[in-house]
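Bear in mind the structure is a predicted one, so any value in this text is a computation, not a measurement. Throughout, a chain's letter reflects where its sequence line sits, starting with A, and its residues are numbered from 1. Basis for what follows: all heavy atoms, side chains included, without hydrogens, waters or symmetry-related copies.
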Number of protein chains: 2
Amino acid sequence: MSKGTVGGGGTTMLRRINVASVLDAVRRSAPAPLRVAELVERTGLARPTVAQAVDELLDAGWLQQHGPDSADRSLGRPAIRVSLRGRAAPVLGLDVGPHRVTVGVSDLAGRKLSLVRRSGPGWTAQELLGVIGEVITEALAEAEVPAEDVAAAVAASPGIVDEHTGRVQLVPSVPGWSAIDLIKHVRGLLDCPVMLDNDANLAALAIAAARGGTGTLLAVQWGERLGAGIVIDGRLHRGTGAAGEIGFIATGPDDVINPEDSRGPLERAVGSEAIAALGRQAALDHPESRLAELGGDQLDTADVFAAAADRDPVAQAVVQQVARSFARALAPSILVLDPTAVVIGGGVARAGAVLLDAISDQLRLLTLNHPKLELSALAEDAVVTGAMRMALDEVWQRKLPTPAMTSTT
Amino acid sequence: MSKGTVGGGGTTMLRRINVASVLDAVRRSAPAPLRVAELVERTGLARPTVAQAVDELLDAGWLQQHGPDSADRSLGRPAIRVSLRGRAAPVLGLDVGPHRVTVGVSDLAGRKLSLVRRSGPGWTAQELLGVIGEVITEALAEAEVPAEDVAAAVAASPGIVDEHTGRVQLVPSVPGWSAIDLIKHVRGLLDCPVMLDNDANLAALAIAAARGGTGTLLAVQWGERLGAGIVIDGRLHRGTGAAGEIGFIATGPDDVINPEDSRGPLERAVGSEAIAALGRQAALDHPESRLAELGGDQLDTADVFAAAADRDPVAQAVVQQVARSFARALAPSILVLDPTAVVIGGGVARAGAVLLDAISDQLRLLTLNHPKLELSALAEDAVVTGAMRMALDEVWQRKLPTPAMTSTT
DNA sequence: AGTATTTACGAACGCTCGCTATCTATACTG
DNA sequence: CAGTATAGATAGCGAGCGTTCGTAAATACT
């Protein structure tokens with residue numbers, strides 16, 4: 001009755017499909033402007049159809065028209081070229097950690113407009129909320145984007161995130177963090193759809209996007225804590241919400257998990273804290289070693305890897321042990337998932353080839369198809385980048401009327 | 001040039017979308033006939049549109065018209081009802097094992113038309129091809145389906161299957177099996193698209209379909225060998241082609257994998273052969289036990305579980321040990337995948353609650369989100385059922401012009 | 001038994017949309 | 001300055017969907 005239900009199948013829906021098709025083609029060529037003729041070729045539609053769609057998209061502010069001023073130097077009448085107007089719907093990504101808050105603002109086209117990072121010595125939950133507000137304001141100012149223009153925002157938090165309620169369940173270092181409704185807080189600042197997800201998941205999304213293509217990616221974030229994100233053909237795998245919690249993999253033959261613990265067995269075995277502790281112990285046991293020279297009680301995780309890279313046998317033994325524990329813990333999942341690539345990010349990834357090679361050697365003994373093992377190229381920005389990307393996807397999904405049929409089942 | 005490229009966006013495509021939408025709605029209500037009014041409601045399209053689509057589908061042989069003869073007892077003019085004409089495109093599923101060949105023929109609607117199973121005492125590769133031909137012929141005759149009518153066929157084979165070349169890579173008990181081009185052989189018999197996949201994958205597909213809904217399913221096939229299939233939101237996860245090979249998960253702290261071995265470490269630890277061997281050893285060590293009474297040297301896997309169900313402490317200890325090894329091997333993958341449910345099928349699944357409870361207890365100690373642990377309801381038919389289902393999906397995907405846009409990137 | 005009511009099928013009309021074909025505009029070349 | 005090649009704008013045609021109306025076939029009521 002009254003109005004027609006959305007999603008039917010009239011001719012108006014056909015037009016929406018075609019407009020969406022044109023916009024999608026423009027989007028795919030990212031920041032490069034496109035000529036109408038190229039759009040005709042890529043979409044397979046007729047020129048008048050494309051022209052009409054482009055007009056409509058220009059009016060709606062989705063596209064911007066470029067003058068033919070470039071060095072196009074071709075015969076004939078110069079083509080008008082269009083590219084998508086990124087400022088039409090900027091998005092915001094937010095990475096909240098116990099010691100660091102990072103905010104990134106991005107274009108609709110994926111261009112990074114600003115990135116603001118602030119570190120501190122461990123905030124309380126309340127202080128953190130304040131810092132988040134400040135950093136968001138700062139990032140928006142730097143990007144010259146008014147707060148009300150932001151089309152979507154995604155926040156990354158450690159811990160297990162309930163996708164629907166937006167609450168964080170299993171929280172590490174910030175006391176009182178699980179009681180905070182971060183989504184509500186950010187929505188108060190921005191007035192746009194706000195989503196929350198696990199930091200490892202978002203990092204995985206960013207890394208998968210950077211690598212491009214299809215396949216299965218297992219992206220490990222390795223710092224004091226260990227987490228992983230799984231991306232299958234561009235889509236994040238969440239399981240029932242807690243997928244990728246590799247930190248809680250049992251290592252010893254009698255290990256048992258306690259969900260109340262802030263750290264899982266694997267984190268206690270090979271987290272950066274544990275690596276440093278192993279290094280300090282090794283330095284005590286071998287005072288003559290290169291490792292001990294680097295600094296006895298103050299020994300850092302980085303020192304261990306530095307000494308190993310320097311061919312110190314004592315440090316190498318520590319790295320071997322860490323690599324072995326890590327590989328043994330991860331091998332079953334690699335057999336089951338059979339990923340195209342395993343990418344390691346986070347603080348420990350700075351160890352570089354020393355660690356990577358050791359892990360690779362171990363994994364070769366424990367898996368059938370040996371996935372590519374790589375270090376994350378995105379370094380610290382992986383999580384924010386992933387958050388921005390998810391926000392972007394959200395905007396595209398919401399704005400583009402996808403030609404998917406309604407399933408009323 | 002010349003003809004328009006397929007996948008453009010004309011109004012004729014709109015009609016195809018709507019016809020597909022109608023057909024899909026009919027399909028969803030499976031074997032139950034639908035009235036046109038119901039189709040109008042479900043698709044959201046106008047009645048004339050639906051009527052036209054139904055006419056077209058009737059002409060093309062996709063639908064069949066039911067008389068209003070049923071006990072419909074309602075007011076007004078009786079509605080004509082349509083259901084999909086399964087015989088329009090029957091599919092065939094084939095499960096090839098070293099000792100058993102099973103062929104099922106199914107309706108387009110998913111109704112099982114015939115199921116023929118033949119067991120033998122270990123065939124050679126060449127003999128197996130002959131048996132396959134015979135059983136296919138028999139199953140088609142029983143279903144009263146001419147060979148040339150079969151619209152798609154899917155074969156299940158143990159081992160790792162290369163999706164594209166259709167070759168089997170890691171083969172167990174049948175000598176010379178990897179040299180056989182099973183796809184080519186079946187295509188010679190049927191003249192239709194033929195696909196080949198891993199048996200555990202197909203069983204997982206069937207179980208996921210039987211459970212219905214979305215979510216992540218880890219379906220373990222547990223017999224002499226161990227394999228698993230992963231289904232995420234109805235789609236099979238293949239990884240690079242060898243996903244789910246849980247048989248090769250290392251169990252001991254110093255285990256190492258050799259891809260040349262016919263059995264992996266977990267198979268050697270908890271495969272049905274291993275369980276029987278553990279039972280025989282326990283019977284020797286405890287001659288007074290209930291287990292030993294059941295049969296000394298002839299002790300079977302089933303005997304172990306029977307004795308355990310009979311509360312024999314010796315047998316229970318064996319089951320405990322098996323459950324512990326299995327749970328420890330699988331726990332990391334459950335943490336990473338975080339599946340909605342873990343379903344156990346295959347011969348060992350006949351053990352029932354004794355084993356399931358023991359595994360469940362162990363898993364509770366090793367995982368965060370505890371997935372539902374169930375036994376496969378499909379028993380032996382899981383693999384064929386899954387093969388038929390995949391063939392069905394193939395037909396639907398091929399026949400239905402999906403409204404997905406072409407991505408010419 | 002005849003009539004009223006209910007339900008669903010069938011046909012005609014008007015609308016929107018996309019495709020083909022044609023015409024116009026622009027800039028470079030000889 | 002004319003010619004040509006490329007690209008944008010416009011008109012006519014066909015196809016499909018949705019709305020509205022009329023009609024057929026059952027059941028319920030008098």
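Per the geometry, CD1 belonging to Ile80(B) stands 13 Å off C1' belonging to dT7(C), to the nearest Å. A straight line from CD of Gln52(B) to P of dC9(C) spans 15 Å, rounded to a whole angstrom. In this structure, Gln65(A) atom CD and dA7(D) atom C1' are separated by 13 Å, rounded to whole Å. Whole-Å rounding puts the Arg35(B) CZ to dT7(C) P distance at 10 Å. When the C1' atom of dG18(C) is taken as reference, atom CE of Met13(A) falls 16 Å away, rounded to whole Å. Here the P atom of nucleotide dA8(C) and the CG atom of Leu34(B) are 13 Å apart, to the nearest Å. Rounded to whole Å, atom P of dA9(D) lies 11 Å from atom CG of Leu58(A). In this structure, Arg16(A) atom CZ and dG16(D) atom P are separated by 21 Å, rounded to whole Å.
Considering only the side chain of Arg77(B), dT7(C) comes nearest among dG18(C), dT7(C), dG18(D). Side chain of Pro78(A), nearest nucleotide from dG18(C), dG8(D), dT26(C): dT26(C). With dG16(D), dG18(D), dA8(C) as the candidates, the nucleotide lying closest to the side chain of Ala46(B) is dG18(D). You'll find that the side chain of Leu45(B) is closest to dG18(D), out of dG18(D), dG18(C), dA7(D). The nucleotide whose nearest atom lies closest to any side-chain atom of Asn18(B) is, among dC17(D), dA7(D), dA8(C), dC17(D). Ranking dG18(C), dT19(D), dA8(C) by closeness to the Pro48(B) side chain, first place goes to dT19(D). Closest contact between the side chain of Thr49(A) and the listed nucleotides dC9(C), dG18(D), dG18(C) involves dG18(C). Residue Thr11(A) places its side chain closer to dC17(D) than to any other of dC17(D), dC9(C), dG8(D). For Val36(B), counting side-chain heavy atoms from C-beta on, the closest listed nucleotide (dT16(C), dC9(C), dG8(D)) is dC9(C). Candidate nucleotides dG8(D), dA8(C), dC19(C) were compared by shortest atom distance to the side chain of Ala79(B), and dA8(C) ranks first.
We find the CG-CG distance between Leu236(B) and Asp393(B) to be 10.0 Å, quoted to the nearest 0.5 Å. Going from atom CZ of Arg27(A) over to atom CG of Leu34(A) covers 14.5 Å, rounded to the nearest 0.5 Å. Remark: Ile230(A) CD1 to Leu217(A) CG distance equals 9.5 Å, nearest 0.5 Å. Here Ile207(B) contributes atom CD1 and Thr385(B) contributes atom OG1; the two are 9.5 Å apart, rounded to the nearest 0.5 Å.
Distances shorter than 4.0 Å separate none of the side-chain N or O atoms of Arg15(B) from OP1 or OP2 on dC17(D).
Proximity of a side-chain donor or acceptor of Arg398(B) to a complementary backbone N or O of Ala151(B) within less than 3.5 Å is detected.
Position along DNA chain C of the nearest nucleotide to Arg47(A) versus Thr12(A) favours Thr12(A) as the more 5'-ward residue.
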